[in-house]
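Beneath this line is the structure, given in structure tokens, with notes to follow.
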Amino acid sequence: MKLAKKECVVMLLAGGQGSRLGALTTKIAKPSVPFGGKYRIIDFALSNCVNSGLDTIGVLTQYQPLILNSYIGDGKSWDLDRMHGGIQILPPYQRVGDSEWYLGTANSIYQNIDFIDQYDPEYVLVLSGDHIYKMDYSQMIKYHKEKNADCTISVINVSQKEASRFGILSSDEDGRITDFEEKPKRPKSTLASMGIYVFSWNKLKKYLELDNSNPESSKDFGKDVIPAMLKSEEKMYSYEFKGYWKDVGTIDSLWEANMDLLGHDGFDLYGDWVIYSRHEERPPQYISSSAEVKNSIVSEGAVILGKVENSIIFSGVKVNENAVVKDSIVMADVEIKENSQVNYSIIDEMVKIGPGLKIGTPKDQKSEITVIPRDSVINNM
């Protein structure tokens with residue numbers, strides 16, 4: 001079945017377990033993790049698509065998809081409830097001769113070839129649903145066209161210390177990729193793949209089919225498809241991104257990205273590039289005359305009767321009298337009772353912290369971040 005032709009179809013990989021986020025992803029997929037006082041991580045990729053003029057998006061889910069699927073719904077919050085295109089959830093399903101699970105990033109796209117083909121696109125944009133950034137994908141697609149490329153990979157310069165965490169590539173003066181290695185022990189450069197790819201669809205389809213027929217393949221873009229295309233001397237180019245970008249795959253990086261919202265040189269949520277989200281209607285925040293709030297984000301529906309400093313407070317949070325929250329992320333509908341202290345912590349949604357408790361250790365004591373799982377009730381420590 002052919003639908004209205006689309007120049008570009010977006011495939012958004014959102015099935016990650018996010019095991020390095022520990023207790024925060026026990027019940028939800030990493031793209032569902034709350035961020036910045038009113039968002040979830042996936043909001044950034046979805047909003048980038050809409051702001052870039054891309055309106056046909058397949059969201060590939062797998063691990064703990066219930067909250068993510070419910071959150072996305074029909075896509076109305078991102079203006080993606082379209083008759084032609086819009087957003088569609090694409091869970092793995094049983095096909096003749098195939099596993100019912102996505103076996104890797106490349107395999108997840110391979111299993112959805114029919115979804116892409118029905119739009120007969122020229123290009124496919126592959127994204128990850130677990131990064132924090134603002135990016136105009138239309139400029140990357142334009143660059144891909146200008147280079148007459150088969151594949152364009154968005155890259156960012158990272159430190160030599162961080163380079164071994166990423167797919168690292170080298171390119172010539174024209175931007176053509178000459179070398180690529182996934183998570184090398186000894187990186188040859190500091191140009192790191194952001195996991196954002198533009199492919200010419202006819203070329204990608206060919207390599208997905210070849211990869212699927214290879215029993216030795218791990219079915220991954222970085223480990224298999226990209227190296228195979230490079231070995232065959234396909235036209236592959238790097239597209240350098242110079243804005244803010246953060247892979248929030250660890251507790252430390254998630255905390256840092258949230259704190260970057262509070263710094264002058266960090267990540268700016270304000271401006272014309274709107275980040276859309278789906279959120280409940282809540283009453284305005286309330287900060288009492290005896291409360292003290294410094295360098296913090298306090299979302300709607302929050303009630304602050306105590307002290308909040310250098311923290312992100314989500315909607316529906318209540319910080320009671322003489323309670324102190326410092327250097328912390330407090331997610332939606334948490335209650336912190338009287339005389340309790342929360343330091344250098346991430347408190348997941350719907351946690352109840354009893355009176356007079358001390359959660360976490362002050363940041364200046366070089367402690368680790370304390371994480372309190374969703375729905376916990378803490379009356380003693």
How about Asn107 and Gln111: does a side-chain donor come under 3.5 Å of a side-chain acceptor? yes
Determine, for Lys235 against Asp150, whether the closest basic-nitrogen to carboxylate-oxygen distance falls under 4.0 angstrom. no
Same cluster or not: Val10 versus Trp245, using hydrophobic residues (I, L, V, M, F, W, Y) connected whenever any side-chain heavy atoms lie under 4.5 Å apart? yes
Examine Phe199 together with Tyr123 and report whether their ring centres are nearer than 6.0 Å. no
Would you call Lys337 and Glu335 a salt bridge, using N to O less than 4.0 angstrom? yes
Decide whether Ser108 and Thr105 meet the rule of one side-chain donor and one side-chain acceptor closer than 3.5 Å. no
Side-chain donor-acceptor contact under 3.5 Å, Asp211 with Ser217: yes
NZ/NE/NH1/NH2 to OD/OE distance under 4.0 Å, Asp43 and Arg278: no
Contacts of Asp333 meeting side-chain contact (heavy atoms from CB on, under 4.5 Å) (sequence neighbours excluded), chain-then-number -> Arg282, Met350
Rounded distance [0.5 Å steps], CD1 in Ile378 versus CD1 in Ile372: 4.0 Å
Shared-cluster residues of Val303, by chain and number - hydrophobic side chains joined below 4.5 Å: Tyr286, Leu305
Asp120 bridged to Lys5 by N-O distance under 4.0 Å: yes
Do the ring centers of Phe44 and Phe35 come within less than 6.0 Å of each other? yes
Validate the cation-pi geometry between Lys142 and Tyr137: distance from NZ or CZ to the six-membered ring centre under 6.0 Å, angle to the ring axis within 45°. no
Is it true that Lys6 and Glu122 have a side-chain N and a carboxylate O under 4.0 angstrom from each other? no
Looking at the rings of Tyr244 and Tyr133, which for Trp means the six-membered one, are their centres under 6.0 Å apart? no
